[in-house]
Number of protein chains: 2
Amino acid sequence: MISVITKRESILSTAAILFRQKGYAATSMRELAEQVGMEAASLYNHISSKEEMLKSICFQVGESYLLHLTEVNQMQAGFREKIARFIHLHLAITIQNIAFVSVANHEWKHLKEENLKTFLEMRKTYEAGVKNILIKGMDSGDFRKMDPSITLYTLLSSLRWVEVWYKENRNISVQELEKNIEHFILNGLST
Amino acid sequence: MISVITKRESILSTAAILFRQKGYAATSMRELAEQVGMEAASLYNHISSKEEMLKSICFQVGESYLLHLTEVNQMQAGFREKIARFIHLHLAITIQNIAFVSVANHEWKHLKEENLKTFLEMRKTYEAGVKNILIKGMDSGDFRKMDPSITLYTLLSSLRWVEVWYKENRNISVQELEKNIEHFILNGLST
DNA sequence: AGAAAAAAAACTAACGGTCGTTAGTTTTTT
DNA sequence: AAAAAACTAACGACCGTTAGTTTTTTTTCT
């Protein structure tokens, strides 16, 4: 089954790459258009604004994260397994959508008004969900008792570098990457 | 002894706060000037360009990091103690210079030409130095053998969230923050 | 100590440039 | 023929910075 990529999707994809590379504010519609192979004014046949692109990218990533959190929560498994699964899914999203994830991680602050507010709420929901797993894991004795917020942010942050660093030509397999990070984090959580 | 803050320092400090908040590219000289309490054109009595400010901020942070790496290397101590000291110093720089560190972490990509090149080299030197400690720690059996680059970036990244999150009114002491993170990282490194 | 001169710093005005986007016109596709 | 998509031209806005002018501060002189 051949997947057809629309012009809009192509524009979004290129936008994400440029936003990641140069930053949202420093990326102009003219250079985006040039990369796509058209004039800037023509972009508006496919997108409604620069802001709309940023929103679309950020919210797609946010929603993927929330979906996967739901999957982890529905697992019948211990907390270590849940965090391991969480790490796996998180890295999978990252590696498959490097540019989108990078933009959602770094450029969200350029969202306007309600978009920003909604995105931050979405993020807060996600973080609370992960924190909940950590807290339960601490209560059950699987994880060492530590300040839940510090633990949460240290964990999430320790995954963040991958979107900066990852390239397909790295001399390392995704499995090894994941195993190393998983070990680091699970040990970090242990008593 | 009363420390006199120059107008230039005040401008740089305010610039760092705004760059952190809005991003370098999205911060105008006019709004920076307004925050400092003057007209944009007057800034040029004290700084030579917008780029020069970004450079100054980034390089001050970079140099602090390198200084502290030197201190850690000169310690007569085991590798666990070295990493613990490294974490302590890293967090200390971060907490005392939130805006500067944040800008150096996120806005460096806006540096131009030679400034960018030099900054990236500086960073490379720093990372190589930390990686060296990790490798030696692995060789000595203090740390588990893992891919050194993955370990390095996971470690550095796990400290990164503090500049986003930290505020003086947090219900947590710096000591507890440090202790929690230190435990996470040292356990993550252990066999 | 006070006045005058010099230097520094602040202001106003404007330059040359870029930006996101809109409004027509033309071309291509349906 | 109609609709969609591409183009050209331009709008209104903002930008970093320079060049004068004015004001303030510092230095020099008596």
Side-chain angles (χ1 to χ4, degrees), chain A residues 2 4-59 103 106-116 119, chain B residues 2 4-59 103 106-116 119:
Chain A
I2 300 188
V4 177
I5 179 167
T6 66
K7 199 67 180 259
R8 179 185 159 82
E9 282 163 345
S10 169
I11 290 168
L12 276 183
S13 172
T14 305
I17 289 166
L18 287 176
F19 293 166
R20 176 190 185 217
Q21 207 169 16
K22 298 165 172 291
Y24 174 79
T27 301
S28 72
M29 298 297 267
R30 287 167 175 85
E31 62 190 315
L32 170 59
E34 184 178 357
Q35 288 279 55
V36 175
M38 66 173 71
E39 297 294 321
S42 306
L43 292 174
Y44 296 86
N45 284 313
H46 307 277
I47 52 100
S48 59
S49 67
K50 192 179 184 186
E51 165 87 8
E52 189 233 321
M53 290 193 287
L54 181 61
K55 175 186 176 181
S56 184
I57 293 168
C58 291
F59 280 76
V103 171
H106 300 284
E107 305 299 320
W108 57 266
K109 71 178 56 168
H110 297 290
L111 287 171
K112 297 263 171 63
E113 305 164 353
E114 286 305 308
N115 289 336
L116 179 60
F119 184 76
Chain B
I2 302 187
V4 177
I5 179 167
T6 66
K7 199 66 181 264
R8 179 185 159 85
E9 282 163 345
S10 169
I11 290 168
L12 276 183
S13 172
T14 305
I17 289 166
L18 286 176
F19 292 166
R20 176 189 184 219
Q21 207 169 18
K22 297 165 174 289
Y24 173 79
T27 302
S28 73
M29 299 297 268
R30 287 168 175 85
E31 62 189 318
L32 169 59
E34 184 178 359
Q35 288 280 55
V36 174
M38 65 173 69
E39 298 295 323
S42 306
L43 292 174
Y44 295 87
N45 285 313
H46 307 277
I47 52 98
S48 60
S49 66
K50 193 179 183 185
E51 166 87 9
E52 189 232 323
M53 288 193 288
L54 182 60
K55 175 185 176 181
S56 184
I57 293 167
C58 292
F59 279 77
V103 171
H106 300 284
E107 304 299 319
W108 56 266
K109 73 178 56 170
H110 296 289
L111 287 170
K112 296 265 171 65
E113 305 163 351
E114 286 304 308
N115 289 337
L116 179 60
F119 184 76

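These values consider heavy atoms only, across backbone and side chains, with no hydrogens, waters or symmetry-generated copies. To find a chain, count down the sequence lines: A is the first, B the second, and so on, and within it residues start at 1. None of these values were measured; they are calculated from a predicted model.
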Response to the item:
In short, side-chain hydrogen bond (donor to acceptor under 3.5 Å, both in side chains) pairs touching residues 36-50 of chain A with sequence neighbours left out are Ser48(A)-Glu52(A)
Fill in: Residue pair Gln21(A), Leu18(A): steps toward the side chain to side chain contact (heavy atoms under 4.5 Å, CB included) verdict
CA-CA 5 Å; Gln21(A) 207 169 16; Leu18(A) 287 176; 3.6 Å; yes
Worksheet entry | Residues in contact with DNA chain D, drawn from residues 40-57 of chain A - heavy-atom cutoff 4.0 Å | Ala41(A), Ser42(A), Asn45(A), His46(A)
Discussion item. Around atom CD of Glu9(A), are there more than 12 heavy atoms from other residues, nucleotides or ligands closer than 6.0 Å?
Written reply: yes
Discussion item. Tell me every residue that passes side-chain contact (heavy atoms from CB on, under 4.5 Å) with Ala25(B), counting only those two or more places apart in sequence or in another chain.
Written reply: Ala25(A), Ala26(A), His110(B)
Fill in: Test ring-ring contact (aromatic ring centres under 6.0 Å, His included) applied to Phe19(A) - qualifying residues, sequence neighbours left out
Tyr24(A)
Worksheet item: Any salt bridge (charged side-chain N to carboxylate O under 4.0 Å, His left out) pairs touching residues 15-26 of chain B, not counting sequence neighbours?
Response: Lys22(B)-Glu31(B)
Fill in: Start and end of the DNA chain C segment that chain A contacts, any atom under 4.0 Å from a heavy atom
dC19(C) to dA23(C)
Discussion item. Is the shortest side-chain heavy-atom distance between Val36(B) and Lys7(B) below 4.5 Å?
Written reply: yes
Worksheet entry | Residues which pass side-chain hydrogen bond (donor to acceptor under 3.5 Å, both in side chains) with Glu51(B), listed by chain and number, not counting sequence neighbours | Asn115(B)
Worksheet item: Mind checking what makes side-chain contact (heavy atoms from CB on, under 4.5 Å) contact with Ala33(A), not counting sequence neighbours?
Response: Met38(A), Ala40(A), Leu43(A)
Practice prompt. Please tell me if the side chains of Ile57(A) and Glu107(A) come closer than 4.5 Å, counting only heavy atoms from C-beta onward.
Written response: no
Discussion item. Please give the stem ranges for DNA chain C, sorted by first residue number, where a stem is three or more consecutive Watson-Crick or G-U pairs and both donor-acceptor distances are under 3.5 Å.
Written reply: C:1-30 with D:1-30
Worksheet, complete the sentence: All heavy atoms of Ile47(A) vs all of Ile11(A), minimum pair found to be CG2-CG2, 4.4 Å
Discussion item. Let's see if you get this right: which residues in residues 19-35 of chain B place a heavy atom under 4.0 Å from DNA chain D?
Written reply: Thr27(B), Ser28(B), Met29(B), Arg30(B)
Item to complete: Report the residues that fulfil side-chain hydrogen bond (donor to acceptor under 3.5 Å, both in side chains) with Ser56(A), sequence neighbours left out, ordered by chain and then residue number.
Response: Gln60(A)
